[in-house]
Amino acid sequence: MLERIYRQLFDHYGPQHWWPAETPFEVMVGAVLTQNTAWTHVERAIDNLRQADLLNPAAITALDQSDLADYLRPVGYFNIKAKRLQALTRFLIDHPQLNSLETDELRQQLLSVHGIGPETADDILLYAYQRPVFVVDAYTRRLFGRLGLMDREASYENLRHAFEAGLKQDAQMFNEYHALIVMHAKTVCRAKPVCDNCCLRRRCAYFCEALKA
DNA sequence: AACCAGGAGACAT
DNA sequence: ATGTCTCATGGT
């Protein structure tokens, strides 16, 4: 079932080449900045940091928090995210050799960092460390909830385990799967009030008929 | 002009 | 354990 939907999305949209970033560190920065935020805004904030030559842990750690926040304005929540970004960079500086940890241990370590919750941790595990973890986001809940395959109200961990149990533990495939779900959500049902395929916006009632069969 | 975006922490119940 | 508030800019 989960396999079938993956293939259907992949056949329709093709490979997504995620995560859109140059380095693992840039993946982590993007993962924090994109929390409840559109990616186009994140790109501008990361651009700001790159122009100022700040796209490394040492530089961000050394910055004054309110100065960092100014570079982050486009993403919203800039004060909170400045604090979270510095918590991340300090953690990375204090913990070299994270890649040598087992996935479960690494996940626990990431979750202990201020501002890194379950989804952000899994973004980092999957897209920065290529670990086979399934990322559950709001779109995933809506899509599979509307398909009647998952309980929208289930906890993050339960949903994640449900996906991981139903699929081959393949980091590359998990990578594409999450990216395809996001692409699917971004693509469909924009202009027309009624669409033939589906919509994943909060208040849109249209189902994903094409994925149901 | 609302509505929403690739969430997480603090706090109360 | 579970529910509600808050954080905030910029698109459509």
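Chain identifiers are assigned alphabetically (A, B, ...) following the order of the sequence lines, protein sequences preceding nucleic acid strands; residue numbering begins at 1 within each chain. Keep in mind that this is a model prediction, so the values were computed, not measured.
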Do we count W18(A) as stacking onto dG6(B) if the rule is ring centres under 5.5 Å and planes under 30°?
-> yes
pi-stack flag for Y139(A) and dG6(B), centroid dist under 5.5 Å, interplanar under 30° | no
Please report the distance, rounded to the nearest Å, between [atom1] in [X] and [atom2] in [N].
| X | N | atom1 | atom2 | value |
| --- | --- | --- | --- | --- |
| E43(A) | dA5(B) | CD | P | 18 Å |
| M28(A) | dG6(B) | CE | P | 22 Å |
| Y71(A) | dT9(C) | OH | P | 18 Å |
| D151(A) | dT2(C) | CG | C1' | 14 Å |
| L33(A) | dG10(C) | CG | C1' | 15 Å |
| K81(A) | dA8(C) | NZ | P | 9 Å |

Of all of residues 165-173 of chain A, which get a heavy atom below 4.0 angstrom from DNA chain C, listed by number?
->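 Here the set is empty: none.
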First encountered from the 5' end of DNA chain C, between T37(A) and R44(A) = T37(A)
When you look for runs of 3 or more Watson-Crick or G-U pairs in a row, both distances below 3.5 Å, which of them include DNA chain C?
-> B:7-13 with C:1-7
Can you find a pair of side-chain heavy atoms, one from D123(A) and one from H178(A), that are under 4.5 Å apart?
-> yes
Are any non-hydrogen side-chain atoms of Q169(A) and E164(A) less than 4.5 angstrom apart?
-> yes
Sugar-phosphate only, base, or nothing, as touched by D123(A) at under 4.0 Å among non-hydrogen atoms | nothing
Could you check whether G117(A) gets within reach of a base, just the sugar-phosphate, or nothing at all, counting any heavy atom under 4.0 Å?
->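 Answer is sugar-phosphate: G117(A) comes under 4.0 Å of backbone atoms only.
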Tell me which of V182(A) and H114(A) sits closer to the 5' end of DNA chain B, going by the nucleotide each one is nearest to.
-> V182(A)
Mapping D137(A) and V113(A) onto DNA chain B by nearest heavy atom, which one lands closer to the 5' end?
->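 Its nearest nucleotide lies further toward 5', so the answer is D137(A).
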State which residues pass salt bridge (Lys or Arg N to Asp or Glu O under 4.0 Å) with E26(A); sequence neighbours excluded, sorted by chain then number.
->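 E26(A) satisfies salt bridge (Lys or Arg N to Asp or Glu O under 4.0 Å) with R50(A) only.
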